[in-house]
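Written below as C-alpha cells is the structure these notes are about.
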Amino acid sequence: MKAIVQDRYGPPETLTLAEVPVPVPGPDEVLVRVEAAALNAYDWHAMRGDPLLARLAMGPSRPRARIRGRDFAGRVEAVGAHVRQLRPGDAVFGDLGEANGAFAEYVRVPETVVAPIPASLTPQQAAALPLAGTTALMGLRDAARVEPGQRVLVNGASGGVGTVAVQLAKALGATVTGVCRTRNVDLVRSLGADHVVDYTREDFADGTRRHDVVLDLVGNRTLGALRRALTPTGTLVLSGGGVYRGGSVLGPVGLLTRGRLLAPLVRHRIVTFSAVPSREHLDTLAAYADAGRLTAVIDRTYALHEVPEAMRYLEGEHARAKIVITV
C-alpha cells in the first residue's frame with residue numbers, strides 16, 4: 001500500500017510517499033481502507049520532533065511511528081477474531097493516537113477507538129473531527145464542566161479545535177465569544193458565536209469583559225493575561241497547539257506546566273488535559289452532528305502524495321479550520 005513515511009525529524013520535505021506492507025489486524029483490531037485523513041497541530045509537532053522534550057515519547061533520535069497522521073475515516077476491510085461491534089463494509093472514523101499511521105491507504109486500529117460515521121457527515125468531514133472534536137469535548141464538557149447560561153471564551157476559535165469548540169459550547173447552552181484574526185470573523189460568527197473578538201484590533205484580556213470559562217487553544221498569552229479574562233471564580237482550560245517558529249525545548253508544555261504549578265495557589269480553576277481517543281467521545285460527536293449541532297469546517301483538501309505541501313500550509317499559521325487528505 002502507499003503511505004506517507006518519515007525516517008528522521010525535520011521539515012515537510014522529510015515526508016515521502018512509499019510502498020509499505022498492508023497492516024494485519026490483531027484479535028481486537030479492525031483493518032480500515034482509508035478514504036480521508038486530517039491534519040492536526042500534533043502532526044507537525046511529530047514531524048519536527050518539536051518541542052525537544054516531546055522526543056522522550058516520540059523517539060529521541062527519529063520518530064518511532066514511521067507513518068504520519070492520526071485522524072481517519074473509511075470502511076472496515078477486515079476484523080479481528082474478538083471484534084464484535086464492527087464488520088466489513090461499515091463506514092467508520094477514528095483517531096489512531098500516538099501510534100499514528102493515518103496517511104496511508106490502510107490502517108489497523110483497536111475497535112475501542114473507532115465509531116460509525118454519522119449519516120450527516122461525509123467521510124472527509126468525519127475525518128476532520130476525531131482529535132479536534134475530542135479535544136473540544138473534553139475541554140468544555142469534562143475539564144471546564146460548562147453549564148447552560150455560562151459565558152465561554154474560545155481563544156483560537158477559527159482553528160481546527162476552535163471551530164468545533166464554538167459549536168459545542170453553544171450546544172452546551174453557553175454564550176460564546178470567539179477570538180480570531182480579521183479574515184476569520186465571519187466564519188466564527190457563522191458557527192454560532194454570540195460575540196467575535198478580532199485580536200488584531202482588540203485585546204480580549206484587557207479586563208473589560210469577564211467569562212466563566214476561557215478555553216485557550218493557542219498558547220500565545222501569559223497566564224496573567226488569560227486570567228484577566230475570567231470572572232473571580234472562573235475556569236481556565238489550557239490546550240495550546242501553536243505554530244512552528246523554528247524549534248523549541250518546551251513549546252506549549254511550558255505554559256501548561258506553569259498552569260499546573262499555579263493552580264493550587266489561586267482562586268481560579270486552571271485545568272490542563274490530554275485528549276484521549278475513545279468510542280464514547282466519537283459517539284457523542286456523532287450524536288451532535290446528527291442533531292444538526294456540529295459540523296466539520298474544511299479549509300483545504302489535498303491528495304495523499306501532497307501531504308508535505310499540506311503540512312507546509314498547516315505549520316505556517318495560514319490554515320483555518322481543518323485540512324483534509326483524500327486517499
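Everything quoted here is computed from the prediction, not taken from an experiment. Throughout, residue positions are numbered sequentially from 1 according to the sequence presented.
A donor-acceptor pair under 3.5 Å is formed between the side chain of Arg210 and the backbone N or O of Leu230. For Thr134 (side chain) and Ala275 (main-chain N/O), no donor-acceptor pair under 3.5 Å exists by modelled atom type.
Surrounding NZ of Lys170 are more than 12 heavy atoms belonging to other residues, nucleotides or ligands, all under 6.0 Å away. Counting heavy-atom neighbours within 6.0 Å of Arg141 CZ, excluding the residue itself, gives a total above 12. Counted within 6.0 Å of CG on Asp203, heavy atoms from surrounding residues, nucleotides or ligands total more than 12; the atom is thus considered enclosed.
The shortest non-hydrogen separation linking Leu140 to Ala169 is CD1-N, 3.8 Å. What you find for Leu131 and Thr135 is that their closest heavy atoms are O-OG1, 2.8 Å. When all heavy atoms of Asp95 and Phe72 are compared, the pair lying nearest together is N-CE2, 3.9 Å.
For the residue pair Asp71 and Tyr42, no side-chain donor N or O sits within less than 3.5 Å of a side-chain acceptor on the partner.
Looking only at side-chain heavy atoms (C-beta outward), Gln167 and Tyr288 stay at 4.5 Å or farther from each other. Two residues are said to be in side-chain contact when any heavy atoms from C-beta on lie closer than 4.5 Å; Trp44 and Met311 meet this criterion. The shortest side-chain heavy-atom distance between Leu238 and Leu226 falls under the 4.5 Å cut-off.
Expressed to the nearest 0.5 Å, how far CG of Leu282 lies from CD1 of Ile117 amounts to 10.5 Å. The line from CZ of Arg48 to CD of Gln6 is 9.5 Å long, rounded to the nearest 0.5 Å.
For the pair Arg228 and Asp206, the salt-bridge criterion is not met [side-chain N within less than 4.0 Å of a carboxylate O]. In this structure, Arg279 does not pair ionically with Glu111, as no charged nitrogen and carboxylate oxygen lie closer than 4.0 Å.
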